[in-house]
2 protein chains.
Amino acid sequence: MTEQQAIDTLKAKGICPTRPRVAIYKYIQEHFTHPNVDEVFTHLSPEVPTLSKTTVYNTLRMYAEMGLCSMLTINERQLVFDGNANSHAHFMCKVCGRVYDVPTADKMLEEMHIPGHRAEEMHLYYRGTCQSCLLKQERM
Amino acid sequence: MTEQQAIDTLKAKGICPTRPRVAIYKYIQEHFTHPNVDEVFTHLSPEVPTLSKTTVYNTLRMYAEMGLCSMLTINERQLVFDGNANSHAHFMCKVCGRVYDVPTADKMLEEMHIPGHRAEEMHLYYRGTCQSCLLKQERM
DNA sequence: TCTATCTCTGTAATGATTACAATGCAAAAG
DNA sequence: CTTTTGCATTGTAATCATTACAGAGATAGA
């Protein structure tokens with residue numbers, strides 16, 4: 001993702017492409033690692049020295065509300081963000097805390113209808129022990 | 001749910017059926033309203049005057065780990081608990097914060113397999129605006 | 001009754017998130 | 001190019017859900 005692509009996407013959504021916003025958008029598009037606010041802040045600080053954590057919070061929340069990313073509450077202790085807009089589920093390891101993507105077999109889930117209510121977001125996730133942590137446990 | 005039923009269930013799981021624990025278990029079985037810790041604490045305080053909030057946290061977390069209830073992170077600000085063990089999805093209204101149950105059409109979701117990892121919990125939920133809040137908005 | 005163990009309680013600490021007021025910046029108008 | 005106006009950003013302080021911990025209490029078996 002080039003700087004220009006990020007700027008164009010933000011402009012297309014009617015978002016003023018300021019320096020912090022472009023950097024944050026670029027970061028979540030280049031790192032599908034489900035970062036939390038602190039990770040985004042820490043990684044971008046050198047590049048945008050005046051960046052504040054409040055801005056990271058505000059910006060990511062805005063992106064989530066506008067559909068530019070999704071905000072996951074899979075981790076009970078902190079929010080994490082996912083720049084990958086394709087429909088997919090998540091798996092969180094209770095041991096190491098990592099969040100993995102899980103491809104969903106089909107589009108069925110998206111079409112589910114909740115009678116009466118207006119659903120705006122759908123989330124499917126799993127919690128358990130990831131392969132890497134299972135292997136570590138076996139060795140002990 | 002009678003007191004005795006609650007005691008029997010706890011004993012069957014190897015949990016010492018103390019007064020706070022029985023009261024908490026009984027409460028979540030009688031109130032499928034997705035209460036948070038504060039609600040459980042406030043409602044049970046008159047009945048169990050020495051109850052402490054820490055005990056509510058510890059007990060509900062234990063129940064969740066032992067499969068006696070589930071702990072939902074659907075609300076980004078606080079945990080809520082669901083004593084209904086039957087497989088179902090949830091809908092959270094972004095306006096009023098209420099959490100509704102959504103019956104899942106079939107058992108398909110439960111059988112999903114995550115290659116490599118060991119999944120222990122599955123959660124499916126939606127966020128949006130509930131019927132009641134939609135109606136209120138229309139009136140304005 | 002005594003003792004060992006498990007529970008519970010209350011306070012204090014933690015830490016993620018948000019509120020807010022002051023400052024800075026960007027783009028349009030002049 | 002400068003001014004102006006409104007939006008964005010910053011940093012600090014506050015909030016508040018959750019957890020840690022240590023002392024007090026209850027329980028069951030000997």
Side-chain angles (χ1 to χ4, degrees), chain A residues 3 6-8 10-11 13-27 34-42 44-66 68-69 71-81 92 94 97 99, chain B residues 6-7 10-11 13-27 34-66 68-81 92 94 97 99:
Chain A
E3 184 104 355
I7 291 172
D8 292 345
L10 294 181
K11 274 187 181 167
K13 285 275 185 178
I15 298 168
C16 183
T18 64
R19 200 146 139 57
R21 285 175 178 176
V22 173
I24 292 168
Y25 184 69
K26 212 156 154 283
Y27 186 85
H34 314 98
N36 59 25
V37 166
D38 205 70
E39 281 162 44
V40 175
F41 174 76
T42 304
L44 293 180
S45 269
E47 177 188 337
V48 189
T50 67
L51 188 64
S52 101
K53 213 175 267 189
T54 301
T55 299
V56 180
Y57 271 105
N58 293 339
T59 304
L60 286 174
R61 180 171 288 275
M62 175 183 64
Y63 289 171
E65 275 162 12
M66 304 194 68
L68 288 173
C69 72
M71 195 170 76
L72 311 181
T73 57
I74 184 171
N75 183 326
E76 71 191 68
R77 312 189 72 120
Q78 60 191 1
L79 298 170
V80 301
F81 295 85
M92 192 192 87
K94 289 176 177 178
V99 175
Chain B
I7 291 172
L10 294 180
K11 273 186 181 166
K13 284 276 186 178
I15 298 169
C16 183
T18 64
R19 201 145 137 59
R21 284 175 180 175
V22 173
I24 292 168
Y25 184 68
K26 211 154 154 287
Y27 186 85
H34 313 97
N36 59 26
V37 166
D38 205 69
E39 282 162 45
V40 175
F41 174 75
T42 304
H43 280 88
L44 293 180
S45 269
E47 177 189 337
V48 188
T50 65
L51 188 64
S52 99
K53 212 174 267 189
T54 301
T55 298
V56 180
Y57 271 107
N58 292 339
T59 304
L60 286 174
R61 180 172 288 275
M62 176 182 64
Y63 289 170
E65 275 162 11
M66 304 192 69
L68 287 173
C69 73
S70 57
M71 195 170 76
L72 310 182
T73 55
I74 184 171
N75 182 326
E76 71 191 67
R77 311 189 74 121
Q78 60 191 0
L79 297 169
V80 301
F81 294 85
M92 192 192 86
K94 290 176 177 178
V99 176

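Below, read A as the first sequence line, B as the second, and so on, with proteins coming before strands; counting in each chain starts at 1. It should be emphasised that the depicted structure is a prediction, and the values quoted were computed from it without experimental measurement.
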Euclidean distance, atom [atom1] of residue [X] to atom [atom2] of [N] [Å, nearest integer]:
X	N	atom1	atom2	result
L79(A)	dG15(C)	CG	P	17 Å
N75(B)	dA16(C)	CG	C1'	14 Å
R21(A)	dG24(C)	CZ	P	19 Å
I15(A)	dA26(C)	CD1	C1'	16 Å
I7(A)	dA26(C)	CD1	P	12 Å
M71(A)	dA16(C)	CE	P	16 Å
L72(A)	dA16(C)	CG	P	17 Å

Does anything in residues 54-65 of chain A come within less than 4.0 Å of DNA chain D? Heavy atoms only, and list the residues if so. T54(A), T55(A)

Between atom [atom1] of [X] and atom [atom2] of [Y], what is the distance when rounded to the nearest 0.5 Å?
X	Y	atom1	atom2	value
I7(A)	K26(A)	CD1	NZ	10.0 Å
Y27(A)	L60(A)	OH	CG	10.5 Å
F81(A)	L68(A)	CZ	CG	12.5 Å

State which residues pass salt bridge (Lys or Arg N to Asp or Glu O under 4.0 Å) with K53(A); sequence neighbours excluded, sorted by chain then number. D38(A)

Is a side-chain donor or acceptor of Y25(B) paired with a backbone partner of T59(B) at a separation under 3.5 angstrom? no

Without swapping roles, check the side chain of R19(B) against the backbone of V48(B) for a donor-acceptor pair under 3.5 Å. no

Side-chain N or O of R77(B) versus OP1/OP2 of dC16(D): is the shortest distance under 4.0 Å? no

Would one find a side-chain N or O of R19(A) under 4.0 angstrom from OP1 or OP2 of dC25(C)? no

Pair R61(B) + E76(A): basic N to acidic O under 4.0 Å: yes

Can you tell whether the side chains of E65(A) and K94(B) come within less than 4.0 Å, N to carboxylate O? no

Are the side chains of [Y] and [X] in contact, using a 4.5 Å heavy-atom criterion?
X	Y	result
L79(B)	L72(B)	no
L10(B)	V22(B)	yes
Y63(B)	R21(B)	yes
V80(A)	M92(A)	no
I24(A)	V56(A)	yes

Side-chain atoms of Q78(A) come closest, of dT9(D), dT17(C), dT19(D), to dT17(C)

Ordered by number, residues from residues 36-52 of chain B within less than 4.0 Å of DNA chain C (heavy atoms) are T50(B), L51(B), S52(B)

Residues in side chain to side chain contact (heavy atoms under 4.5 Å, CB included) with P20(B), at least two apart? T18(B), L51(B), T55(B)

Protein and nucleotides 23-30 of chain D: nitrogen or oxygen contacts under 3.5 angstrom:
none

Angle between the two end axes of the helix from dT1(C)-dA30(D) to dG30(C)-dC1(D), five base pairs per end, rounded to 10 degrees? 20°

